[in-house]
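In this text the structure is predicted, and so the values were computed from the model without any measurement.
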Amino acid sequence: MSNLPLPVLNPPVLDRSRPVVRRPVELATHLGLKIYNRTFPRIEAAMFLAEVITHLQGRASRDYAAEIDQVSEAINGELARLEAFATGETRQLEKALRQAGAAGEVSYTRPVRVELTMRTPGMRRYAELVARVEETARALDQSWYAGAVS
């Protein structure tokens, strides 16, 4: 007879499954990696607090609904401003690159593929912003190597 423990017929399963959205992105630039490492976990937690937790506080949520809405509007306004800035900068760099007639010859020594994991719909905008900043930084690198910007 063996002394091995009997397998559990119906093992317990953790009940910590949560709905998330994942967006894969490759980060290779110094700026993209720093932004991801320094801000993404914090912003994700803050957005979860602003979009979910503040609405689950019962009476406190009702009493401070106007303030909660103001915070949400401020976040959305700042994200819109940052999106417009990154889009404008990327367009300028791509235009300079086209005018220089240079092909994309820049590669990176240690690119990393990450999955930006988000628990709230509003976090999608920030994830797209991280991806846009990476695009902008790559366009800057290509433009500099091509001599399109000094």
Side-chain angles (χ1 to χ4, degrees), residues 11-150:
V13 178
L14 294 177
D15 64 350
R16 291 186 175 90
S17 181
R18 303 290 185 254
V20 296
V21 172
R22 289 190 171 100
R23 191 220 193 269
V25 65
E26 182 182 88
L27 300 172
T29 66
H30 181 69
L31 182 61
L33 291 163
K34 279 177 74 171
I35 286 174
Y36 171 76
N37 285 328
R38 290 183 179 180
T39 69
F40 198 83
R42 289 183 201 170
I43 297 294
E44 202 284 326
M47 293 291 279
F48 186 76
L49 176 66
E51 291 184 57
V52 176
I53 302 301
T54 56
H55 296 285
L56 299 176
Q57 299 301 313
R59 182 173 176 217
S61 294
R62 289 187 299 278
D63 290 348
Y64 294 99
E67 289 84 354
I68 293 168
D69 289 343
Q70 284 179 331
V71 169
S72 294
E73 287 176 31
I75 290 169
N76 288 328
E78 187 62 15
L79 286 173
R81 186 187 71 75
L82 292 169
E83 288 164 346
F85 177 75
T87 299
E89 294 300 307
T90 301
R91 285 184 183 150
Q92 285 183 347
L93 290 167
E94 288 171 348
K95 181 180 177 183
L97 196 56
R98 280 192 309 276
Q99 288 174 345
E105 56 190 52
V106 175
S107 62
Y108 296 88
T109 58
R110 290 188 167 201
V112 174
R113 188 159 186 82
V114 295
E115 280 196 357
L116 305 178
T117 303
M118 301 155 273
R119 295 180 287 174
T120 65
M123 197 56 193
R124 283 181 160 178
R125 289 181 71 190
Y126 191 76
E128 290 303 317
L129 185 57
V130 169
R132 176 55 57 109
V133 168
E134 177 69 13
E135 287 176 29
T136 303
R138 287 179 184 218
L140 178 60
D141 289 343
Q142 289 179 347
S143 298
W144 182 67
Y145 274 100
V149 296
S150 58

Engineer: Is there a donor-acceptor pair under 3.5 Å between the side chain of Gln142 and the backbone N or O of Glu105?
Structural biologist: no
Engineer: Nearest 0.5 Å please: distance from the CG atom of Leu27 over to the NZ atom of Lys34.
Structural biologist: 14.0 Å
Engineer: Kindly indicate, with the supporting measurements, whether the criterion side chain to side chain contact (heavy atoms under 4.5 Å, CB included) is fulfilled by Asn76 and Arg125.
Structural biologist: CA-CA 9 Å; Asn76 288 328; Arg125 289 181 71 190; 3.4 Å; yes
Engineer: Taking all non-hydrogen atoms of both residues into account, name the closest pair between Thr117 and Phe40 and its distance.
Structural biologist: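 That closest heavy-atom pairing would be O-CE2, 3.7 Å.
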Engineer: Is it the case that Thr29 and Glu134 place a side-chain donor and acceptor less than 3.5 Å from each other?
Structural biologist: yes
Engineer: Between Glu128 and Arg23, is there a salt bridge with N-O shorter than 4.0 Å?
Structural biologist: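 Judged by the 4.0 Å cut-off on N to carboxylate O distance, Arg23 and Glu128 do form a salt bridge.
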Engineer: Start with the C-alpha distance between Thr136 and Glu89, add both sets of side-chain angles, then the distance that settles side chain to side chain donor-acceptor pair (under 3.5 Å), and finish with yes or no.
Structural biologist: CA-CA 7 Å; Thr136 303; Glu89 294 300 307; over 6 Å; no
Engineer: Tell me whether Glu44 contacts the main-chain N or O of Arg119 through its side chain, where contact means a donor paired with an acceptor under 3.5 Å.
Structural biologist: yes
Engineer: Hey, could you give me the CD1/CG distance between Ile35 and Leu129, rounded to the nearest 0.5 Å?
Structural biologist: 7.5 Å
Engineer: Considering only heavy atoms from C-beta outward, does the side chain of Tyr126 approach that of Thr39 to under 4.5 Å?
Structural biologist: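 Yes, side chains in contact.
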Engineer: Under a 4.5 Å cut-off applied to non-hydrogen side-chain atoms, are Pro24 and Arg113 in contact?
Structural biologist: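 Side chain of Pro24 against side chain of Arg113, heavy atoms only: contact under 4.5 Å found.
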Engineer: Distance check, rounded to the nearest 0.5 Å: Leu140 atom CG versus Tyr145 atom OH?
Structural biologist: 11.0 Å
Engineer: Please name the pair of heavy atoms, one in Ala148 and one in Ala96, separated by the smallest distance, quoted to 0.1 Å.
Structural biologist: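 Closest heavy-atom pair between Ala148 and Ala96: CB-O, 3.5 Å.
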Engineer: Minimum heavy-atom separation for Leu33 and Ala28, please, with both atom names.
Structural biologist: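 Residues Leu33 and Ala28, closest heavy atoms: CD1-O, 3.9 Å.
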Engineer: How about Arg42 and Met47: do any of their side-chain heavy atoms sit closer than 4.5 Å?
Structural biologist: no
Engineer: Around atom OH of Tyr108, are there more than 12 heavy atoms of other residues, nucleotides or ligands at under 6.0 Å?
Structural biologist: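 Counting other residues, nucleotides and ligands, OH of Tyr108 exceeds 12 neighbours.
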Engineer: Give the minimum heavy-atom separation between Met118 and Ala127, together with the two atoms involved.
Structural biologist: SD-CB, 3.5 Å
Engineer: What heavy-atom pair brings Leu79 and Gly122 nearest, and what distance separates the two atoms?
Structural biologist: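 Scanning both residues completely, I find the closest heavy atoms to be CD1-O, 4.4 Å.
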Engineer: Might you work through the side chain to side chain donor-acceptor pair (under 3.5 Å) test for Thr87 and Arg132, ending with a clear yes or no?
Structural biologist: CA-CA 7 Å; Thr87 299; Arg132 176 55 57 109; 2.9 Å; yes
Engineer: How long is the straight-line distance from CE of Met123 back to CD1 of Ile75, given to the nearest 0.5 Å?
Structural biologist: 10.5 Å
Engineer: How long is the span from the CD atom in Glu67 to the OG atom in Ser72, to the nearest 0.5 Å?
Structural biologist: 11.5 Å
Engineer: Can you measure from CD (Glu78) to CD (Glu83) and round to the nearest 0.5 angstrom?
Structural biologist: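 Taking CD in Glu78 and CD in Glu83, the distance rounds to 10.5 Å.
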Engineer: Taking the side chain as C-beta and beyond, is there a heavy-atom pair between Leu116 and Arg22 under 4.5 Å?
Structural biologist: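 Heavy-atom side-chain distance check fails, nothing below 4.5 Å.
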